[in-house]
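Computed from a predicted structure; not experimentally measured.
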Amino acid sequence: MKPILNTLICLMLYQFTFAQTQPWQGKFEPIDNLISPPNSFRAASGAPGKDYWQQHANYKIKAQLDETNNILSGEETITYFNNSPDDLSYLWIQLEQNVNKKGNEDFGSINNNIKNGIDARKMQFLTRAINFPAGYTIKYVKDKDGNNITTLVNNTMMKVKPDQPLKSGESITLNIAWSYHITDRSMFLLSREGYEYFPDDDNTVYLIAHWFPRMAVYNDTEGWQNQQFQKLGEFALEFGDYDVEITVPSDHIIASTGSLQNPESVLTKKQRKRLKQASNSFDKPIMVITKEEAIENEKNKSKKTKTWKFIAENVRDFAFASSRKFMWDAQNVKLPTNTVMAMSFYPKEGLPVWEEESTKAIMHALEVYSEATFDYPYPVCISVNTSNIGMEFPMISFNGGRPKNGKISKTAKANMVGTIIHEVGHNWFPMIVSSDERKWMWMDEGLNTFLHQRTVAERYPDFNSVTPKSIIPFMSGDKNILRPTMTTSDNELFNQFGANFYVKPTVGLQILRNSVMGKELFDEAFKEYANRWKYKHPNPADLFRTLEDASAVDLDWFYRGWFFTTDHVDRELSNVKWFKVYEENKNIEDQKKSSEIKITSTDGSNSNKTENMNFSNGPEVINMVSTPDNAYGQFLSRFDEDEIRKQVSGKNIYEVNIKNIGGLIMPVTIEWTYKDGSKETDILPAQVWRRNEYEIKHVFVKDKEAVKVILDPNFEFADTNSENNNFPKTKKASEFDSFKSGKN
C-alpha cells in the first residue's frame, strides 16, 4: 500500500502545483492575485492596519502677485515629518508649474494630430508658436540654519539631498524661494490654473493652484510617488497645516482655502457687516459684494497692495483666486456636526445664473455628500466662476459655465450646476479620502461622480443624470483599443478617460447599490470606506476589501469583470420552454410533436430543426414517473410523490435559457407579462452563473400563462444589446438602438 500511497501524494502535489501556476482564473475566483496582499499597514478587512503610517507636511507661505507682469513669487517654509519606519536619504518635491515649459517630456503629446483646417489655438497647443516663459525659477533651497541644500530638478520633480538622512520619527525644515510666470489659460491645453483676461474692461481673474513647491507622497505601497506630472494624472499629496499670506493689489478680492484671519484689514466695514449677516442666513445667500460694487471696482487699478492672511488645518493642498471683478455671495449650511459657510465668487459675466444657482448647488452637494459619507469638516466651501474649467482643491473649486448675453440654455445650466456639484464633491474624494490621483484617477473621479450623479438625481430631477445606459456605447466599443478601468491615469487614451475613469466606475457603483447589494448594505459599506480612510491614503484594494468586509457580500466576481477587464454585458434570452404536468399518465409523444413547429430560414428554405419559438403552440406536456429506489441512495424515507404531482399539476413550468455573450457576469432580472395583462419580476443573483459562466438554465413555476418574457427590463446592468433580451423573438427595434441614435 505504501508505494501506491506515495504515488497518490505525489500526483496530488503535482496537480496542486500545476493549478497554482496556471494563468486561467474563473470569473468567480478571488481577486487576491490582482491586488496587493494585506499586511500590518493595510489589513485584510480593507481598514488601515495596526502599523499604518503616513507623512505630514506643514507650510508657512508668503506670496506676492505682480499683476503688471503676471508673476507670482513666494517664500515658504516646509516642516516635513518622517513618520515612516524608514530613514530617508533624499526627499522629492513636486514642481507642477514646470509642466508648461517648452521641451517638457509631455509637450504636445496629449492630442497631437495635425490636419488641414486646424485652428490657430490648437496649433499653439501643438507647436508653442508663441513661446511663453513657463516654469519655476527656484531662487534657493536652504535648511533651518540658512545653509544651501543640494537639489536636482527632473522636469516636474525636484530631488532634495540634505547632508544627513532624515531618520524615522524626525522632521526637517526646508526654506524655499521661488517665482514663476502665471500662464494664460487660453494658451494651454488642460490648463488647471492660470489667468483669464477680460479685454472689455481690461481686467483679469487669477486662479492660483499647484503654485508652490509641495512635498511628494512617501507611502507604504510604493515609497516615493514621484511620477512626473503630465496633466491627465493629477495629484498625490500629504496632509498638513497651512499659514498663508497673499499680497495682491488693494482692490482685489481673494477667495481661498482656509479661514480668513484679518478681515478688518482687507474688507470694508460694509463688507464685514454683510459677511456677518450671511453667517446667520440659512435660507438664502447674502450679497457681500454686489454687481454695482464689482463694476465700480473694475474701473481703476490700484497701485497699492493688501495682504490677506489665511490658515487651514489638516488639508492636503491650498489654492486661491484673486480679482477686482468678483461679486461675492454667501450663506450658512447647517450639517449635523458642522456649520459651513457656502460662498460663490463670480464676475458680472456670470449673471444672472451664478447668483441664482452657484451657492444653492454648493449647499445641495454639502448635504447629500455628508449624508452619504461624513459631514463636511471645514469652515468654508467656495465656488469660483471662470471659463472652460472644473477643478477642485480643499474648500475651493474653479468652475466653468456662463450665460451668453444673460441667457443660458437648460442644458448649459445643467452642465454648470453639475460642474459645481462635482468639484465641491471632490472635497471628499480625494481631498479628504486621499487616493492617489496620479496613479488611480478612477478612485477619485469615479467615486466622486457616483455621488455627484446621486446629488443631481435627488436634488435636480429635471436634469439628466448618468445611468447604466450611459456607458453602453463605450463598453460596446472596439476591444482592440479599450482598456480596463484599472489603468493608471496617464496611460489612458485621451478620448476614453472620461468614460473609463468617470462614467464606468459610477455605473459600476450604481449597479452595486441598486441591483447587487441593495441600498442599505451598499450605503453602510460605502460610508465605512469613507470613514476608515478619511485623511488617509487608500488604494483600490482597500476599497474592494472594505465593501465586502462591511456587507458580507462576495463581490470579487464584480471587481474582476468590471474593473480589470474590458468585457461587457450582453445576455441573450435564447429560449423559453413551456411545460405542463398532468396527474394522469398519458401517451404524450403525439402531444410533444404537436407543440413543435418547423423553422423557415431567411432564404425561404425549410429547416429540419424544430424548436419552440413562441408560446402560440401551447405547452409541451411532460410525464412524471415514479422515483426508483436507488435514486434515494441509503435514505430510507420517501417523498410523497402523489403530493408533488398534485402541487405541480396544471401549473405552468418555464425553463429559461440565458447565454452570456459579452463576458461580464451580472444578476439576472426577468419580467413576465401574463395573459391577463399582469406583470411579475424575478431576480436571480449573479451566483447562478457559478457552475457555467457562459450559459444557464433556470426553471420557474407560475400559476399564470406567460405571453412575454424580458431580460433586464429596466436597463439595470448596461446590457449592450437589448434586442436579444425578449421572448418571443421580435424584429422590433430595441431601446438600445433608440438610445444610440439619441432618441431616448
Mutual orientation of the aromatic rings belonging to [X] and [Y] [parallel < 30°, tilted 30-60°, perpendicular > 60°]:
{"X": "Phe563", "Y": "Phe544", "value": "tilted"}
{"X": "Phe497", "Y": "Phe501", "value": "tilted"}
{"X": "Phe526", "Y": "Phe522", "value": "parallel"}

For [Y] together with [X], are the ring centres under 6.0 Å from each other?
{"X": "His698", "Y": "Tyr654", "answer": "no"}
{"X": "Trp672", "Y": "Phe700", "answer": "yes"}
{"X": "His452", "Y": "Phe450", "answer": "no"}

Between Asn657 and Glu695, do the side chains contain a donor N or O and an acceptor N or O under 3.5 Å apart?
yes

Test: Lys360 and Glu357 ion pair at under 4.0 Å
yes

Do [X] and [Y] make a side-chain contact, defined as non-hydrogen atoms from C-beta onward lying under 4.5 Å apart?
{"X": "Pro48", "Y": "Arg42", "result": "no"}
{"X": "Glu671", "Y": "Leu711", "result": "no"}
{"X": "Pro538", "Y": "Val433", "result": "yes"}

Taking the six-membered ring of Tyr632 as reference, does the cationic atom of Arg638 (NZ for Lys, CZ for Arg) lie under 6.0 Å from its centre and within 45° of its axis?
yes

Is it the case that Lys534 places NZ or CZ above or below the six-membered ring of Phe374, under 6.0 angstrom from the centre and within 45 degrees of the axis?
yes

Least distance between heavy atoms, Ile710 atom then Lys708 atom
CD1-CE, 3.7 Å

Minimum heavy-atom distance Pro468-Val507, with the two atoms named
CA-CG1, 3.6 Å

Does Met441 offer a backbone N or O that forms a donor-acceptor pair with the side chain of Ser489 under 3.5 Å?
yes

